[in-house]
Amino acid sequence: GPSGLRVGARDGEAERGTVKAYADVPMEPGDIERLAEPFALLAHDGGQGAYVPELVEKGRALFERTLPERVRVRIRETKRRTVRLHLEDTLVHVPWELLHDGDEFFGRRFSLGRMVSARSDAAVAPPSSTATDLVVIANPSGDLPHAEEEGRVVERLLSSSAPGRVVHASGPISRADLLALVKRARLLHFAGHVARSDDGNGLVASDGVVTATEIAAVLSTSAPSLVFANACHASTTDRWDPGAASLAQALLLAGVRHTLAPLWAVPDADALAFALRFYESALAGVPFGECARRARKALAQSSSSSSSSSSPRSFAGYV
């Protein structure tokens with residue numbers, strides 16, 4: 001808003017009236033950038049040891065600085081376990097999942113999801129899918145053996161419990177074949193490379209990059225209900241930009257109802273562990289937001305006591 005960051009908190013049925021209260025937190029756009037920047041630096045420094053205490057410190061600063069006192073108090077006192085963030089498109093690059101209330105990170109305390117208010121000349125496609133297959137794409141570039149293993153494990157897990165046909169394809173996979181697989185997916189799990197460029201990003205196949213724009217075009221008539229892109233930087237900390245679609249942005253605008261992906265590089269062992277915890281909960285009928293929370297919490301606990309192949313930052317990356 002014109003006076004700063006405009007924040008409101010609405011709590012269930014008790015606040016479904018005709019007046020929605022909000023408060024303005026005095027703040028310039030540059031203040032938000034200064035609060036968000038340290039998270040990106042910590043995420044890419046390979047942080048070990050003191051990393052988590054620093055993350056707590058930055059998360060508390062974000063909590064205290066961006067939320068008005070009334071909202072902070074209500075969050076600390078609420079017994080609810082689900083939070084839905086309604087964000088302006090100018091704020092999607094801020095790691096709100098890492099707000100820290102003094103006791104816990106948002107992403108570990110709450111079953112938490114994002115909804116975005118975005119400027120767009122075209123109508124945003126409603127969630128829809130006529131596809132029936134659960135599609136697992138692993139190592140389409142042909143150079144990621146750990147992604148290949150993830151694909152096999154996820155395929156076995158889905159085949160054992162999920163309704164519908166599971167289609168598993170592993171690399172190398174051409175651009176054309178990758179697009180054909182995406183088009184037939186009711187649920188899409190992708191384990192591989194995501195390319196990033198000034199023109200946006202996309203999925204890396206054996207013969208080049210399938211751009212976010214190409215994926216969105218394929219999904220224009222039938223978008224998966226869930227896309228889990230378990231690839232580094234698939235949910236980037238970039239801003240929402242109508243001129244250069246990021247992968248997550250393109251998927252949402254194409255009508256995908258749920259996207260899940262890491263903000264930064266995640267070690268192979270952690271990526272697989274997160275995926276397994278997520279799907280185990282989902283196959284038990286747990287809502288996706290709660291599945292992600294459980295997976296974050298399990299990954300945080302395991303990385304704090306396991307080998308050096310895990311990273312204490314991994315739990316914080318998934319959005």
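Residue indices begin at 1 and follow the sequence shown. These values consider heavy atoms only, across backbone and side chains, with no hydrogens, waters or symmetry-generated copies.
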List for me each residue that meets salt bridge (charged side-chain N to carboxylate O under 4.0 Å, His left out) alongside Glu214, sequence neighbours excluded, and say none if there are none.
Arg175
Hits for side-chain hydrogen bond (donor to acceptor under 3.5 Å, both in side chains) against Arg81, two or more places apart or cross-chain, chain-then-number order -> none
Just jot down the side chain to side chain contact (heavy atoms under 4.5 Å, CB included) partners of Arg10, sequence neighbours excluded, or say none.
Glu15, Lys20
Is there a donor-acceptor contact under 3.5 Å linking the side chains of Asn230 and Tyr318?
yes
Output all residues satisfying side-chain hydrogen bond (donor to acceptor under 3.5 Å, both in side chains) with Arg76, sequence neighbours left out; order by chain, then residue number.
Glu64
Can you sort out the partners of Arg293 under salt bridge (charged side-chain N to carboxylate O under 4.0 Å, His left out), two or more places apart, ordered by chain and number?
Glu290
Who are the side chain to side chain contact (heavy atoms under 4.5 Å, CB included) partners of Ala147, not counting sequence neighbours?
Asn139, Leu144, Ala191
Residues in side chain to side chain contact (heavy atoms under 4.5 Å, CB included) contact with Ala162, at least two apart in sequence or another chain:
Leu134, Leu158, Leu283
All salt bridge (charged side-chain N to carboxylate O under 4.0 Å, His left out) counterparts of Asp143, not counting sequence neighbours
none
With sequence neighbours excluded, residues passing salt bridge (charged side-chain N to carboxylate O under 4.0 Å, His left out) with Asp101:
Arg109
Which pairs with one or both residues in residues 208-228 pass ring pair (Phe, Tyr, Trp, His ring centres under 6.0 Å), sequence neighbours excluded?
His189-Phe228, Phe228-Phe278, Phe228-Tyr279
In the hydrophobic cluster built from side-chain contacts under 4.5 Å, what are the other members alongside Val204?
Val209
With sequence neighbours excluded, what pairs up with Ser117 under the side chain to side chain contact (heavy atoms under 4.5 Å, CB included) test?
Glu88
